[in-house]
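Residues take their numbers from the sequence shown, with the count starting at 1.
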Amino acid sequence: MAAHISVSHGWLVLLLCLFLMVTGLSGVEGRTQRSAVHRHLKRINKPAVKTIQSPDGDMIDCIPISQQPAFDHPFLRNHTIQMRPAFHPDGLFELKEKEEEKEKEKPMLQQHWHISGRCPEGTVPIRRTREEDVLRAASVRRYGRKWRRNAAAPDPLSMSLSTDMEMGSGGASGHQHAIAYVQGDKYYGARATINVWQPRIEQSSEFSLSQIWILGGSFGQDLNSIEAGWQVSPDLYGDNNTRLFTYWTSDAYQATGCYNLLCSGFIQINNDIAMGASIYPISNYGGSQYDISILVWKDPKEGNWWMQFGRDYVLGYWPSFLFSYLADSASMIEWGGEVVNSEPDGLHTSTQMGSGQFPEEGFGKSSYFRNIQVVDESNNLRAPKGVGTFTEQSNCYDVQSGSNGDWGTYFYYGGPGKNPNCP
């Protein structure tokens with residue numbers, strides 16, 4: 001009996017030691033992770049000359065333009081900031097006049113933080129990253145980055161490349177698209193007016209976005225991509241607000257690039273618009289419709305890729321040295337929607353794309369892109385030729401294109417995700 005108690009006591013001591021060792025290790029790992037998070041926050045949250053508390057909970061820091069995250073890049077240490085593009089695309093100002101006449105009765109889209117104040121000249125507004133934002137990511141290194149292969153590959157060759165890449169990374173990525181696209185030429189920019197909605201997201205790890213892709217290279221390891229539009233991403237932002245965003249990569253989303261200003265790359269010059277900040281008002285089903293205009297183009301003199309938001313806000317540029325293929329031109333342009341389908345419970349997600357309605361619902365109910373254009377080798381904005389459409393599962397999300405005198409080349413897109421025809 002005594003021996004039995006002694007042996008049991010020995011096991012208890014051993015188990016207790018193991019427990020203390022494991023919990024001690026986890027405590028060390030937790031402290032190490034938090035230390036890494038705090039170092040990262042210190043790196044990306046630059047000292048502000050003014051901080052604005054937005055009604056939606058965001059903190060917007062006004063950072064001196066020369067101290068923004070872009071200048072952490074070793075190639076930008078002695079960079080002279082280009083405060084305006086050398087050239088705008090020809091045809092832009094005529095289009096602007098036409099849009100102003102059409103939109104003069106509508107309220108201008110705003111960002112929520114404007115209600116509380118503005119950033120002074122010489123600064124740029126940057127949404128402050130919080131500890132909980134980084135902790136939601138898979139790792140500190142992955143924070144602010146997309147998973148691999150987020151651009152749609154609509155042609156057979158690209159599809160085979162993208163499938164090989166996805167399977168090589170451990171299975172299908174679960175990204176689904178409903179897009180219009182052009183390829184087979186050299187493109188120096190793209191523009192669109194994008195209907196703004198707040199799609200419902202089923203899982204916090206999923207997102208729904210509507211954007212322009214400027215693409216170069218293959219859909220393998222070397223894809224170059226510049227992206228801009230609006231998105232709802234609970235995992236990235238911690239809420240379900242509709243937000244303006246940008247993204248870039250020069251290696252198919254592997255090690256380069258990020259959302260917004262969460263790494264060095266994009267150089268912002270504008271003090272009115274914050275990347276990643278929420279926008280309003282939002283379109284209503286059967287009610288008022290709102291849209292944003294986005295233009296991305298390559299400055300033919302300096303070679304940098306510029307972005308303009310709306311009619312008046314030139315936001316900044318991606319220096320051409322960030323890219324390999326896009327240092328010259330793009331080989332494909334895509335416009336449209338993308339969602340993550342994580343297949344909760346083995347079923348298709350009910351995360352919505354666009355308005356959550358299929359294209360045949362039409363204006364006021366289905367989401368649209370209108371006046372889609374490309375910038376050609378002569379720096380002219382023109383209607384795209386040979387527009388194709390693509391979606392992986394048209395019963396879940398679909399796309400229908402058309403053209404007329406008022407909207408130029410346009411398309412309706414989107415859908416509800418899970419439904420009786422999309423189980």
Side-chain angles (χ1 to χ4, degrees), residues 56 106 109 112 146 150 152 173-181 192-213 227-245 278-292 294 334-370 372 389-402 407 410-423:
D56 62 3
K106 273 189 183 179
L109 257 82
H112 276 106
K146 287 187 176 185
N150 284 258
S173 70
H175 288 254
Q176 292 191 282
H177 308 80
I179 64 161
Y181 69 95
T193 298
I194 310 171
N195 199 196
V196 178
W197 293 83
Q198 187 177 23
R200 186 182 66 250
I201 311 297
E202 180 177 348
Q203 301 286 320
S204 62
S205 60
E206 298 175 337
F207 66 64
S208 181
L209 57 77
S210 297
Q211 68 171 54
I212 300 172
W213 287 262
E227 306 168 23
W230 62 258
Q231 67 180 163
V232 177
S233 179
D235 194 48
L236 183 60
Y237 303 106
D239 59 31
N240 291 289
N241 293 346
T242 301
R243 296 172 177 272
L244 175 71
F245 83 97
S278 54
I279 52 180
Y280 76 97
I282 303 297
S283 300
N284 296 302
Y285 182 83
S288 299
Q289 299 300 296
Y290 302 97
D291 47 39
I292 58 172
I294 289 177
E334 297 177 355
W335 303 263
E338 176 188 355
V339 300
V340 172
N341 171 27
S342 63
E343 296 187 349
D345 303 321
L347 300 172
H348 196 287
T349 182
S350 61
T351 285
Q352 299 174 332
M353 181 189 293
S355 67
Q357 306 299 316
F358 284 114
E360 53 265 28
E361 293 269 333
F363 183 77
K365 298 176 180 178
S366 177
S367 189
Y368 60 79
F369 278 62
R370 63 177 175 85
I372 67 171
T389 59
F390 169 78
T391 183
E392 290 92 348
Q393 289 181 272
S394 60
N395 289 336
C396 307
Y397 312 105
D398 205 1
V399 55
Q400 293 179 2
S401 62
W407 277 22
Y410 68 89
F411 61 91
Y412 287 98
Y413 71 102
K418 184 171 69 176
N419 67 78
N421 296 316
C422 173

Margin query: Using the side chain to side chain donor-acceptor pair (under 3.5 Å) definition, which of the options S366, S367, S401, S355 pairs with Y413?
Written below: S367
Margin query: Could you check whether any side-chain N or O of Q352 sits under 3.5 Å from a backbone N or O of R200, counting only pairs where one atom can act as donor and the other as acceptor?
Written below: yes
Notebook entry, point to check: Hey, does N195 have a side-chain heavy atom less than 4.5 Å from the side chain of Q289?
Noted result: yes
Note to self: Tell me whether D239 contacts the main-chain N or O of P234 through its side chain, where contact means a donor paired with an acceptor under 3.5 Å.
What the structure shows: no
Margin query: Testing the basics here: between S342 and E206, what is the closest heavy-atom pair and its distance to 0.1 Å?
Written below: OG-OE2, 2.6 Å
Check: Has the side chain of W230 got a donor or acceptor atom that lies under 3.5 Å from a matching backbone atom of S278?
Finding: no
Note to self: Working to the nearest 0.5 angstrom, can you tell me the gap between F358 CZ and Q400 CD?
What the structure shows: 10.5 Å
Margin query: So, taking the atom named CD in E202 and the one named NE2 in H348, what distance separates them when rounded to the nearest 0.5 Å?
Written below: 10.0 Å
Notebook entry, point to check: Will you find, in the side chains of Q231 and Y237, an N or O donor that is under 3.5 Å from an N or O acceptor?
Noted result: yes
Next item on the list: Measure the CD1-OG distance between I201 and S233 for me, rounded to the nearest 0.5 Å.
Entry: 8.0 Å
Item checked: Residues S204 and D235: side-chain donor-acceptor under 3.5 angstrom -> no
Next item on the list: If the plane angle is over 60° it's perpendicular, under 30° parallel, otherwise tilted; pick one for Y412 and W407.
Entry: tilted
Item checked: Criterion side chain to side chain donor-acceptor pair (under 3.5 Å) against E392, the qualifying member of Q176, H175, H177 -> H177
Margin query: Is the shortest side-chain heavy-atom distance between E338 and K146 below 4.5 Å?
Written below: yes
Next item on the list: Check whether any side-chain heavy atom of I294 lies under 4.5 Å from a side-chain heavy atom of I292, and answer yes or no.
Entry: yes
Next item on the list: Might you work through the side chain to side chain contact (heavy atoms under 4.5 Å, CB included) test for N241 and V232, ending with a clear yes or no?
Entry: CA-CA 6 Å; N241 293 346; V232 177; over 6 Å; no
Item checked: Closest non-hydrogen atom pair between A178 and M353, with its separation -> CB-SD, 3.6 Å
Item checked: L209 side, atom CG; L236 side, atom CG - distance, nearest 0.5 Å -> 11.0 Å
Note to self: Can a donor-acceptor pair be found, under 3.5 Å and without considering hydrogens, that links the side chain of D345 to the backbone of L347?
What the structure shows: no
Item checked: Contact summary for T349 and N341, nearest pair of heavy atoms -> N-OD1, 2.9 Å
Margin query: Looking at N421 and N419, would you say the former's side chain and the latter's main chain have a donor-acceptor pair under 3.5 Å?
Written below: no
Next item on the list: For residues W213 and I179, report the shortest heavy-atom separation together with the two atoms involved.
Entry: CZ3-CG2, 3.9 Å
Item checked: Heavy-atom pair of closest approach, residues P359 and G414 -> CD-O, 3.9 Å
Check: Quick one: which of Y410, W335, F411 gives a ring-ring contact (aromatic ring centres under 6.0 Å, His included) with F369?
Finding: F411
Margin query: If I compare all heavy atoms of T351 with all of S208, which pair ends up nearest, and what's the gap?
Written below: CG2-CB, 4.2 Å
Next item on the list: Could you tell me whether the side chains of Q211 and E227 share a donor-acceptor contact shorter than 3.5 Å?
Entry: yes
Check: For residues D291 and Y368, is any side-chain donor paired with an opposing acceptor at under 3.5 Å?
Finding: yes
Note to self: Rounded at 0.5 Å granularity, tell me how far CH2 in W197 sits from NZ in K365.
What the structure shows: 10.0 Å
Item checked: Side-chain H-bond candidate by donor/acceptor type, Q198 with T242, under 3.5 Å -> no
Check: To the nearest 0.5 Å, what is the distance between CD1 (I194) and CG (L244)?
Finding: 9.5 Å
